[in-house]
Amino acid sequence: MKESKKIFPQAHQWFQSKGWQVAPFQEEAWQAYADGKSGLVNAPTGSGKTYSLMLPVLLSGDSTSPRPSPPRRGGEGVRCIWITPIRALAKEIFQSAERAIEALDLDWTVDVRTGDTTTAQRAKQKAKMPNLLITTPESLHLLISSKGYDKTFKNLKCVVVDEWHELMGSKRAVQMELGLSRLRGLNPTLRTWGISATIGNMEEALEVLLGPHFPEREIAVIKADIQKKIEVVSILPDEVETLPWAGHLGIKMLKKVLPVIDKSESTLIFTNTRSMAEIWYQKILDVAPKMAGIMAMHHGSISRDIRFWVEDALHTGLLKAVVCTSSLDLGVDFRPVESIVQIGSPKGVARFMQRAGRSGHQPGATSRIYFVPTHTLELVEAAALRQGIVDNIVEEREPYIRSFDVLVQYLVTLAVSDGFYPKEIFEEVKKTFSYESISPEEWQWCLDFITTGGKSLSGYDEFHKVEIMQDGLFKVTSRRTAQRHRMSMGTIVSDAMIKVKFQRGGYLGSIEEYFFSRLKPGDVFWFAGQNLELVKMRGMIAEVRKANTKNGLVPSWKGGRMPLSAKMGAMLRRKIEESVSKQHNDPELKLIEPLWELQRERSHIPSRDEFLIEKYKSEDGYHLFFYPFEGRLVHEGMATLLAYRLSLFKPLTFSIAMNDYGFELLADSSIPIEEALDSDVFTLTDLREDIMQSVNAVEMARRRFRDIASIAGLIFTGYPGQPVKDRHLQSSSQLIFNVLQDYEPDNLLLQQAYDEALEFQLEEGRLRQALERIHKQEIVIQNMDKPSPFSFPIMVDRMSRDKLTSESLEDQVKKMKLKMG
DNA sequence: GACCTGCTGCGGCGTG
């Protein structure tokens with residue numbers, strides 16, 4: 001370690017002058033960088049990870065001079081690119097860089113380039129690029145799509161990808177891989193560094209960043225040895241009966257949450273959905289009107305202006321509490337708050353830890369997170385989360401591979417700028433993790449696709465985007481094509497949103513088109529913490545005014561589903577067992593004991609090597625309940641699979657319901673489950689075939705295809721400010737889907753849609769593992785006279801989806817409770 | 001195509 005001091009004495013001096021300590025991992029990173037290595041710095045937020053790479057980049061030979069010297073004239077171009085997944089973080093990186101440059105008296109220039117960069121700034125950059133460029137993966141691709149980009153990046157020595165764990169597991173990472181492959185093509189000695197929080201598959205994260213064939217001896221992995229203490233405090237009801245058996249809102253716990261808010265300087269209240277945030281915000285105001293003015297709300301559909309204001313107000317101590325969704329997980333790294341409250345299951349240990357980390361930022365300080373269960377079985381989740389933290393469990397982020405939509409977009413990007421020669425680019429693309437396995441035929445398909453639209457779309461000129469020049473250069477010559485392409489780059493596809501505005505101006509945020517299709521003028525809804533009356537619709541704008549009525553609809557957004565992570569599922573199974581055998585110290589598990597007694601009385605509690613199937617007959621029909629604890633998506637797949645296999649024994653129509661813990665099959669005549677078990681209904685044999693038979697794979701693929709088509713540039717989503725209506729997008733994507741389905745079933749984008757449906761919607765891999773596990777377990781079939789605590793919430797879930805009944809859900813649940821005695 | 005609880009993230013109308 002002594003030697004590194006010789007390499008960057010200025011850095012040490014600067015740290016000293018500030019009274020900062022140089023952490024061992026920082027020194028290690030400086031050394032590795034000076035040695036010319038690439039790699040990954042694995043360090044938590046707030047650990048000084050930025051300077052672990054910022055300083056060696058600035059101070060090493062990549063700078064014009066490590067000592068003060070008169071600035072050289074322009075033309076040096078970009079020497080380092082710093083990638084951040086979030087625009088808002090760019091500002092912070094920029095400030096860190098400026099601070100370092102000034103303190104060390106260097107002649108680096110630094111600037112930010114994102115969608116927020118103004119036209120004037122862009123023009124300035126075009127004349128003279130900064131030496132350190134802070135940008136996003138999307139903006140990097142936009143730069144690659146401009147003429148002479150190879151000159152811009154001619155002197156590039158290093159790329160740093162910040163928050164790499166955030167990109168991993170999304171197509172944005174694939175886009176990053178492609179961008180890196182091109183930059184390495186331009187500069188074979190380019191150093192690539194990632195900065196990442198811990199994820200379950202760290203080695204893979206490194207491999208994705210550097211590509212699978214990066215020379216081993218040029219790689220370094222730097223791990224910050226900072227262990228954060230996290231304390232999980234459940235907010236418990238006085239009696240377990242207070243908690244509902246089913247439900248997810250947790251409003252019943254409101255009174256217990258208020259004291260936490262009261263006694264803390266500042267509190268973040270995390271909810272799982274945007275509508276839940278809206279509801280909690282309103283309910284808190286209802287019971288604690290004094291919170292008006294010192295409490296705010298923050299979620300992804302609220303306008304950026306309002307969100308910035310909230311972040312700022314939290315900084316300056318104006319706000320005492322903010323109700324939010326994961327929009328505050330990341331992004332602006334604000335001053336830590338005193339208390340964190342999590343309402344309902346966060347579904348994964350990593351997400352929970354990240355949120356906990358928002359409190360107690362001082363080194364050595366303990367982060368405390370209050371967990372609020374919203375139904376009885378979530379008491380077990382509390383214990384599971386605590387154990388998960390103790391055992392250091394962190395979920396994986398699975399990288400996307402072979403995403404042909406991202407690849408064809410990239411190829412058009414290259415064709416838009418200076419054009420490309422396929423042979424050269426193929427070699428680069430093959431070196432990425434994502435496309436390592438691409439075959440020459442598949443590559444040729446991509447080239448055909450961008451030049452002719454492929455076999456079935458060749459009749460349409462708009463798909464002939466790229467031309468092949470005489471010398472074999474692939475290039476876009478049409479201005480319109482180039483412009484449209486630049487306008488639709490990136491891999492994030494959003495639904496068309498209606499903007500919500502006050503009549504006199506004042507933009508509040510956006511809600512999906514669908515929500516408004518059910519509303520007529522005069523209707524009242526809650527949004528952004530306000531009670532609003534719809535005045536009129538104007539295109540994609542909803543004009544509103546403040547309403548005086550107390551009640552209103554709460555918008556629901558489509559959003560993504562967050563199923564229980566596999567690791568949480570395993571931990572839940574373990575904790576149930578510990579709770580039942582009373583081998584634990586968790587207060588939550590103690591509280592839930594009466595529920596186990598009831599479960600045992602009415603049914604059975606499965607041990608680790610048992611798999612429980614409950615049978616129950618009601619006036620609705622014949623029910624079967626299964627409990628794999630694998631999350632909603634896997635359950636949905638498994639339920640359809642079993643329904644299909646069971647129907648081979650006897651013609652039956654099933655209705656299916658599920659939650660994160662288990663699923664239900666309901667039929668109107670008896671279900672031959674024993675018979676089916678005898679002939680191995682959980683078998684892995686013919687799994688793929690049976691899945692394809694049982695689920696509506698075409699429909700699932702059709703839905704995935706919309707995003708794929710938009711990333712691949714098959715559909716144009718409109719000019720900024722005048723988006724194309726969703727139903728138009730829907731229909732054009734469907735049209736193309738149908739054409740491909742009929743005339744070109746081997747189309748790679750179409751196949752990708754099927755692959756994604758299987759992998760991400762059915763979570764086939766996890767389904768397979770779950771079936772394997774069940775196979776090794778002993779199956780216990782239990783008849784029930786009354787629904788068990790396990791099965792009850794699933795039944796409620798089914799009822800809430802049953803449109804035929806006119807009874808309100810609440811009445812039904814009451815009736816059911818009476819019946820159950 | 002959605003409703004049935006369901007997050008987050010970026011970019012965009014210019015070629016010397």
Side-chain angles (χ1 to χ4, degrees), chain A residues 84-90 113-117 119 122-123 126 135-142 145-148 163 166-167 169-173 175 246-250 270-277 279 299-301 324-331 343-348 351 374 416-418 477 479-480 482-495 512-515 517-518 553-563 632-633 657 659-660 699 702-703 706 716-723 726-727 729-731 733-734 796-803 809:
Chain A
T84 157
I86 294 164
R87 282 178 301 210
L89 288 177
R113 176 65 172 259
T114 67
D116 293 335
T117 308
T119 322
R122 277 163 204 248
K126 196 167 181 186
T135 187
T136 62
E138 288 80 7
S139 284
L140 173 65
H141 276 257
L142 279 162
S145 81
S146 53
K147 297 222 180 304
E163 313 277 352
E166 273 303 319
L167 292 172
S170 81
K171 287 185 185 174
R172 299 183 77 195
Q175 190 158 44
H248 58 270
L249 217 47
F270 281 102
T271 61
N272 283 337
T273 71
R274 286 167 277 191
S275 56
M276 207 168 145
I279 293 167
H299 62 66
S301 291
C324 60
T325 63
S326 49
S327 56
L328 280 188
D329 264 353
L330 276 181
I343 318 268
S345 165
K347 311 284 185 195
R351 184 177 298 120
T374 61
V416 158
S417 58
D418 299 316
T477 52
R479 255 184 84 158
R480 187 180 127 96
Q483 190 205 60
R484 286 199 162 200
H485 181 75
R486 289 204 185 93
M487 278 195 324
S488 44
M489 280 168 69
T491 59
I492 300 171
V493 183
S494 339
D495 273 331
E512 270 142 2
E513 214 180 332
Y514 179 76
F515 177 69
S517 69
R518 298 182 298 175
L553 285 168
V554 180
S556 75
W557 287 265
K558 210 167 136 266
R561 286 145 305 177
M562 298 178 283
R632 290 188 71 98
L633 296 180
N659 62 16
D660 273 328
E699 191 48 42
R702 193 192 301 277
R703 284 185 200 171
R706 199 195 83 137
F716 183 61
T717 52
Y719 291 93
Q722 42 199 107
D726 253 346
R727 84 187 116 82
L729 286 183
Q730 188 68 21
S731 65
S733 118
Q734 292 212 3
V796 172
D797 180 80
R798 180 175 45 75
M799 289 186 328
S800 69
R801 294 185 304 154
D802 189 356
K803 273 182 288 197
L809 182 62

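A, B, ... follow the sequence lines: proteins, then strands. Residue 1 opens every chain. This one's a predicted model, so the numbers in the text were calculated from it and none came from an experiment.
Of the candidates dT5(B), dC3(B), dT15(B), the closest approach to any side-chain atom of K558(A) belongs to dC3(B). Each of dG1(B), dG9(B), dC7(B) was ranked by its minimum atom distance to the side chain of Q730(A); first place goes to dG1(B). Checking dG9(B), dT8(B), dG11(B) against the side-chain heavy atoms of S326(A) singles out dT8(B) as nearest. Distances were taken from every side-chain heavy atom of R702(A) (C-beta onward) to each of dG12(B), dT15(B), dG1(B); the shortest belongs to dG1(B). Comparing dC10(B), dC7(B), dG11(B) against the side chain of T114(A) picks out dG11(B) as the nearest. With dG12(B), dT15(B), dG1(B) as the choices, the nucleotide that has an atom nearest any side-chain atom of E699(A) turns out to be dG1(B). Here the side chain of Y514(A) is nearest to one of dG11(B), dC3(B), dT5(B), namely dC3(B). Closest to the side chain of R632(A), out of dG6(B), dC13(B), dG9(B), is dG6(B). You'll find that the side chain of H299(A) is closest to dT8(B), out of dC4(B), dT8(B), dC13(B).
Residue contacts shown for K171(A) are absent, as no nucleic acid heavy atom lies under 4.0 Å away. Residue-level contact check: L249(A) touches neither bases nor backbone, having no heavy atom under 4.0 Å from any strand. Using a 4.0 Å heavy-atom criterion, one finds that S556(A) contacts the sugar-phosphate atoms exclusively. Looking at heavy-atom distances under 4.0 Å, G300(A) makes contact with sugar-phosphate atoms alone, never a base. Among the protein residues, M562(A) comes within range of the nucleic acid bases, having at least one heavy atom under 4.0 Å from a base atom. Within 4.0 Å (heavy atoms only), Q734(A) reaches sugar-phosphate atoms of the nucleic acid but no base atom.
The side chain of R274(A) contributes an N or O atom lying less than 4.0 Å from OP1 or OP2 of dT8(B). Phosphate contact (OP1/OP2 of dC10(B), side-chain N/O of T136(A), threshold under 4.0 Å): absent. Side-chain N/O atoms of R479(A) include one lying less than 4.0 angstrom from OP1 or OP2 on dT15(B). The phosphate of dG9(B) (OP1 or OP2) has no side-chain N or O of S494(A) nearer than 4.0 angstrom. Distances shown here put every side-chain N or O of R351(A) at or beyond 4.0 Å from the OP1 or OP2 atom of dG6(B). Proximity of R87(A) to the phosphate of dC10(B): a side-chain N or O atom is located under 4.0 Å from OP1 or OP2.
Whole-Å rounding puts the H485(A) NE2 to dT15(B) P distance at 17 Å. Computed from coordinates, the F515(A) CZ to dG6(B) C1' distance equals 16 Å when rounded to whole Å. Remark: P of dC13(B) and CZ of F716(A) are 11 Å apart, rounded to the nearest angstrom. When the P atom of dG9(B) is taken as reference, atom CG of L140(A) falls 21 Å away, rounded to whole Å. Between L633(A) atom CG and dT5(B) atom P there is a gap of 14 Å when expressed in whole angstrom units. Following rounding to the nearest Å, I86(A) (CD1) and dG11(B) (P) show an atom-to-atom distance of 11 Å. The distance from atom CZ of F270(A) to atom C1' of dT8(B) is 12 Å, rounded to the nearest whole Å. Atom CE of M489(A) and atom P of dG12(B) are 9 Å apart (whole Å).
Defined by atom type and a distance below 3.5 Å, a donor-acceptor pair is missing between the side-chain atoms of S275(A) and W557(A). A donor-acceptor contact under 3.5 angstrom links the side chains of S145(A) and R486(A), judged on distance only.
Side chain R486(A) to base dG11(B): no donor-acceptor pair is found below 3.5 Å. With hydrogens and angles left out, the side chain of T491(A) and the base of dC10(B) share no donor-acceptor pair within 3.5 Å. Between the base of dC7(B) and the side chain of T325(A) there is no donor-acceptor pair shorter than 3.5 Å.
For the pair T477(A) and N272(A), nearest-nucleotide mapping onto DNA chain B gives the more 5' position to N272(A). Projected onto DNA chain B by closest heavy-atom contact, R113(A) and K126(A) fall at different nucleotides, the more 5' of which corresponds to R113(A).
When all heavy atoms are compared, the tightest approach of L553(A) to F515(A) is CB-CZ, 4.3 Å. Of all the heavy atoms in I343(A) and T374(A), the pair that sits closest is CG2-CG2, 3.9 Å.
S417(A) places none of its side-chain heavy atoms less than 4.5 Å from the side chain of K147(A).
Taking atom P in both dG6(B) and dC10(B), one finds a spacing of 23 Å when rounded to whole Å. Look at the P atom in both dT8(B) and dC4(B): the space between them is 16 Å, to the nearest Å.
Taking 4.0 Å as the cut-off between side-chain N and carboxylate O, E513(A) and R727(A) do not count as a salt-bridged pair. One finds no salt bridge joining R561(A) and D660(A) here, because no Lys/Arg side-chain nitrogen approaches an Asp/Glu carboxylate oxygen to under 4.0 Å.
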Going through the distances and angles, do S139(A) and R113(A) end up as a side-chain hydrogen bond (donor to acceptor under 3.5 Å, both in side chains)?
-> CA-CA 7 Å; S139(A) 284; R113(A) 176 65 172 259; 5.6 Å; no
